[in-house]
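Here's the structure we're looking at; comments come further down.
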Amino acid sequence: MVRSILLRGTFGPKFACGFFCSGTCNSYLFAIFIVQTNSVSYITSPAIGFPQVVWSANRNNPVSINSTLQLTSDGDLVLKDVDGTIAWSTNTRGKSVAGLNLTDTGNLVLFDNNKAIVWQSFGHPTDCLVPGQKLVSGQKLIPSVSTTNWTQLNLLSLSVTDEGFLAAVESNPPQVYEESRVYGNKTNKEPTYVTLRNGSFALFANSSEPSESDFFIPIPEASSAQYVRFCPDGHFRLYEWGTNGWKEVADLLSAPGYECFYPTVCGNYGICSNGQCSCPSTTYFQQINNRQPNLGCSTITPLTCEASQNQSFLELKDTTYSSFRIDFKNVDSESCKMACSKNCSCKAAIFQVSLNSSIGDCYLPNQIFTLINNDIEKTHYNSIVYLKVQNLPLKAQNPPTAETIAPHQQKKSRVATILWSSLGAFFGLLLTIGVVVFLMWRKRHADEDEEDFLDQVPGMPTRFSYDDLKAITKNFSKLLGEGGFGSVFEGTLTDGTKIAVKSLHDLGQIKKSFLAEIESIGSIHHVNLVRLLGFCADKSHRLLVYEFISNGSLDKWILHKTHDLFLDWKQRKKIILDIAKGLTYLHDHCAQKIIHLDIKPQNILLDDKINAKISDFGLSKLIDRDQSKVVTTMRGTPGYLAPEWLSSVITEKVDIYSFGVVVLEILCGRRNVDHSQTEEEMHLLGLFEKKATEDKLLDLVDNCIKDLQLHKAEILKMMKIAAWCLQKDYTMRPSMSMVVKVLEGVAEVENNLDYNNLSQPPLTMVSKEATLVLPSILSGPR
């Protein structure tokens, strides 16, 4: 069903703009679509294959019936849901917008009084391109949410760079499976772009239209309307309208015989051979669904860094991979495997070598998608994949008992016992001396081993020497903050960029923290995570280099307020959403699931625009995606620990509990446990339960929220989200991705929440928390 607002032309397939829905029409997209038209009724209905959506403003945030689209007096095109929340906006307020137009090419345009384009839909592509539309450098196509069973944790993208265009899995780092580029230095100052033309899909890097393209993929010339769509399976398909509806007429990234070279064909760990899918081994892998082998395979025994001594490699000869980037050049296969074994996040060592050679290139991916039987006649190289697998430790054999020794042997046994006792004492002394020497040697070389390990981890941030950081921070003269694990100092790089340097002390306690922080965030980037720029592992010195966050930590804004430091409701709401997005990225979009384990206001930093960024990953835990739970020792900060910590078996839901506590602290402007309050009001969660029962939750709201009366409904909804995150049964808590959807208005909070079922740490936990090593509490800008 469509409700057209703008229509361009008559007779045949034409572009229209308006509201689109399918199925039961419970939700709508504001979209541009191709419709069938005639001279009488304009849009014909019904028509096979129409309408066909080629762009949508709110594809991940559909709106309800009776929603509104408004071009405001100050020039902003705003889509509001029926409850008044903003679902989408062009953000063109104050840019002298004079009008709105849909062009003949399907481009929705906002223009000013001089007819100059202020905003255009072509500048914000989704998953389709129409003839004449340019996808320029820095832009990308992302498939619409798939209804297939292939994992949505790793979306695909087709993007344009200065050199060309590429298709990749959005893993970390991205895994490129198709690339077309122009080699040599770029001579054209104009942005590189690709465009769909009549008869070709063309790349312009050093030239621009109407000149000849630098590279093109030939396609059938158009006999009717055409468009190209980047699909969830990684294919880039060209569609054309015919008498029987839309028909695929070309696949722009495919070639005969290369059907297996897509990461989605056989799913994770699946091997593709002539379009058929199988698992690498029945000993270590099993199909996710025996009836659908294309869904991939899972490990029978998950890989774990804590038991790396029980790992080995499964050798797959004549096997290649849909993506390959060189981590190491000019190495042999053994060196390639060794580098993978030293890297905890590495899932396989992929070795490619020219024919009749033993020295080649090595790739260490941290996530495995479709593997491919290598056809040497097509690839012209030899390829071996060494999959890292987890072996179960052998069970110890039962030792013999006295009852199992024959009586006639007992006399000989006494003599042997005396002899062996004497020898045992002698060798015991030697062993003691040997252990002492070994421990001294190990202590001396521990730092060197750690440095060797860090050098093998691919994608590492910049490594600084201690002398460099000493100069950058002016001999560590400007202290920004201190905590249990170290101190933070301000520094300035040679290009003028401000940085924050965390110097870790008490190395015996923080070595694991140091490695955890580098391994967790050394190569991940997200707008709501503090970026780790570099590190120093120089003899006894361990330092971490971060981007400088000017407004310091959240706690001073909500817990130590002054007249200069206060947050209005809009800012608090944005901060909560930022934290949720950062945690969603850690839980759902990294190669390995990262559980932060220490979410609290001190570890939330605010930049100069009050954007929130999660910091301090020293306590974090990495787990494989096929692990639902992990066993670990208790860690974190009292007041933010979920009750399931008592069992030491935890999931990412412990972060969600901590998030719920932080949300309440942001709303109420006080700590969860505040010893300055009376005994009755000391614990915020208990007070929260009481006020919920009395229907007086707004009594708890921070009096610094000046516009409270205007946002009562939103604040109560936010409190409801906090209560959902604080459910005692962790399985009843939402995922962080669900929290984001609720905050963005796409989903609703679980109904019938029990405010008397909130998780409050029992007294036994308080005593256990007292034994924890103090986490890093580093307030101030970093």
Side-chain angles (χ1 to χ4, degrees), residues 154 166 168-177 179 261 263 268-271 280 284-285 297 299 302-305 307-354 358-372 374 379 381-390 449-463 515-516 518-525 532 535 590-594 622-626:
N154 298 96
L166 54 87
V169 181
E170 292 279 285
S171 58
N172 182 41
Q175 295 191 20
V176 177
Y177 65 90
E179 183 174 16
F261 280 77
N268 292 2
Y269 285 110
I271 298 179
Y284 297 102
F285 299 91
C297 311
T299 54
L303 290 171
T304 172
C305 297
S308 58
Q309 71 277 9
N310 293 323
Q311 292 173 351
S312 61
F313 287 98
L314 177 65
E315 181 177 336
L316 304 177
K317 293 182 178 180
D318 298 324
T319 305
T320 188
Y321 193 50
S322 56
S323 171
F324 188 87
R325 68 180 181 87
I326 300 174
D327 287 327
F328 299 101
K329 276 180 169 290
N330 301 321
V331 296
D332 57 22
S333 59
E334 289 302 315
S335 299
C336 186
K337 285 196 295 182
M338 182 64 69
C340 183
S341 66
K342 292 182 177 181
N343 180 355
C344 178
S345 62
C346 175
K347 293 294 189 297
I350 301 175
F351 182 67
Q352 291 186 358
V353 61
S354 302
S358 60
I359 303 299
D361 299 328
C362 177
Y363 175 36
L364 309 179
N366 56 18
Q367 199 163 356
I368 303 297
F369 303 107
T370 297
L371 300 161
I372 308 160
N374 185 40
T379 62
Y381 57 73
N382 285 316
S383 179
I384 304 176
V385 174
Y386 300 97
L387 286 180
K388 186 185 287 186
V389 293
Q390 193 78 37
D449 290 341
E450 180 186 315
E451 292 182 29
D452 290 342
F453 168 79
L454 292 172
D455 288 335
Q456 295 294 333
V457 177
M460 291 295 293
T462 303
R463 185 166 189 163
L515 294 175
I518 293 179
E519 191 174 2
S520 298
I521 63 168
S523 59
I524 64 175
H525 305 292
L532 180 66
F535 69 98
C590 296
Q592 282 183 297
K593 185 184 299 183
I594 299 175
L622 281 71
I623 65 174
D624 290 327
R625 297 225 153 267
D626 47 8

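These figures come from a predicted structure and were not determined experimentally. Quick note: numbers below take in every heavy atom, side chains included, and nothing from hydrogens, waters or symmetry partners.
- Judged purely by distance below 3.5 Å, without hydrogens or angles, the side chains of Thr320 and Tyr381 pair a donor atom with an acceptor atom.
- Looking only at side-chain heavy atoms (C-beta outward), Asn268 and Thr370 stay at 4.5 Å or farther from each other.
- Here the CG-CG distance, from Leu387 to Leu371, works out to 5.5 Å after rounding to the nearest 0.5 Å.
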Let's go through Ile326 and Tyr363 carefully: what are the C-alpha distance in whole Å and the side-chain angles of both, what is the deciding distance for side-chain contact (heavy atoms from CB on, under 4.5 Å) to 0.1 Å, and is it a yes or a no?
CA-CA 5 Å; Ile326 300 174; Tyr363 175 36; over 6 Å; no
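- A donor atom on one side chain and an acceptor atom on the other are found under 3.5 Å apart for Tyr321 and Gln175.
- Proximity of a side-chain donor or acceptor of Gln390 to a complementary backbone N or O of Thr304 within less than 3.5 Å is detected.
- Minimum heavy-atom separation, Ala168 to Tyr177: N-CE2, 3.7 Å.
- Counting all heavy atoms, side chain and backbone alike, Ile271 lies closest to Leu316 at CD1-CD1, 4.2 Å.
- Side-chain atoms of Ser383 come within 3.5 Å of backbone atoms of Thr319 as a donor-acceptor pair (strictly under, hydrogens ignored).
- Inter-residue side-chain proximity for Val389 and Thr299 is flagged as unmet; no heavy-atom pair is nearer than 4.5 Å.
- Rounded to the nearest 0.5 Å, atoms NZ (Lys388) and OG (Ser308) are 8.0 Å apart.
- Scanning both residues, Ile368 and Ala348, for their nearest heavy atoms gives CD1-CB, 3.6 Å.
- Taking both residues in full, the closest heavy atoms of Val169 and Pro263 are given as CG2-CG, 3.5 Å, listed atom of the first, atom of the second, then distance.
- Separating the SG atom in Cys362 from the CZ atom in Phe351 is a distance of 8.0 Å, to the nearest 0.5 Å.
- Glu315 is listed as a side-chain neighbour of Lys317, based on a closest heavy-atom distance under 4.5 Å.
- Distance check, rounded to the nearest 0.5 Å: CD1 of Ile384 to OG of Ser333 gives 6.0 Å.
- With contacts defined as side-chain heavy-atom distances shorter than 4.5 Å, the pair Ile350/Phe324 qualifies.
- Using a 4.5 Å cut-off on side-chain heavy atoms (C-beta onward), Gln367 and Ser345 make no contact.
- The two atoms that bring Cys297 and Gly270 nearest to each other are SG-CA, 4.1 Å, heavy atoms only.
- Using a 3.5 Å distance cut-off with no hydrogens or angles, the side chains of Asn374 and Thr379 do pair a donor with an acceptor.
- The SG atom of Cys340 lies 12.5 Å from the NZ atom of Lys342; values are rounded to the nearest 0.5 Å.
- Side-chain contact between Leu303 and Lys347 is present, with at least one heavy-atom pair separated by less than 4.5 Å.
- To the nearest 0.5 angstrom, Leu364 atom CG is 5.5 Å from Phe328 atom CZ.
- Pro280 approaches Leu314 most closely through the heavy-atom pair CB-CD2, 4.1 Å.
- Below 30°, between 30° and 60°, or above 60°: for Phe285 and Tyr269 the angle between ring planes is between 30° and 60°, a tilted geometry.
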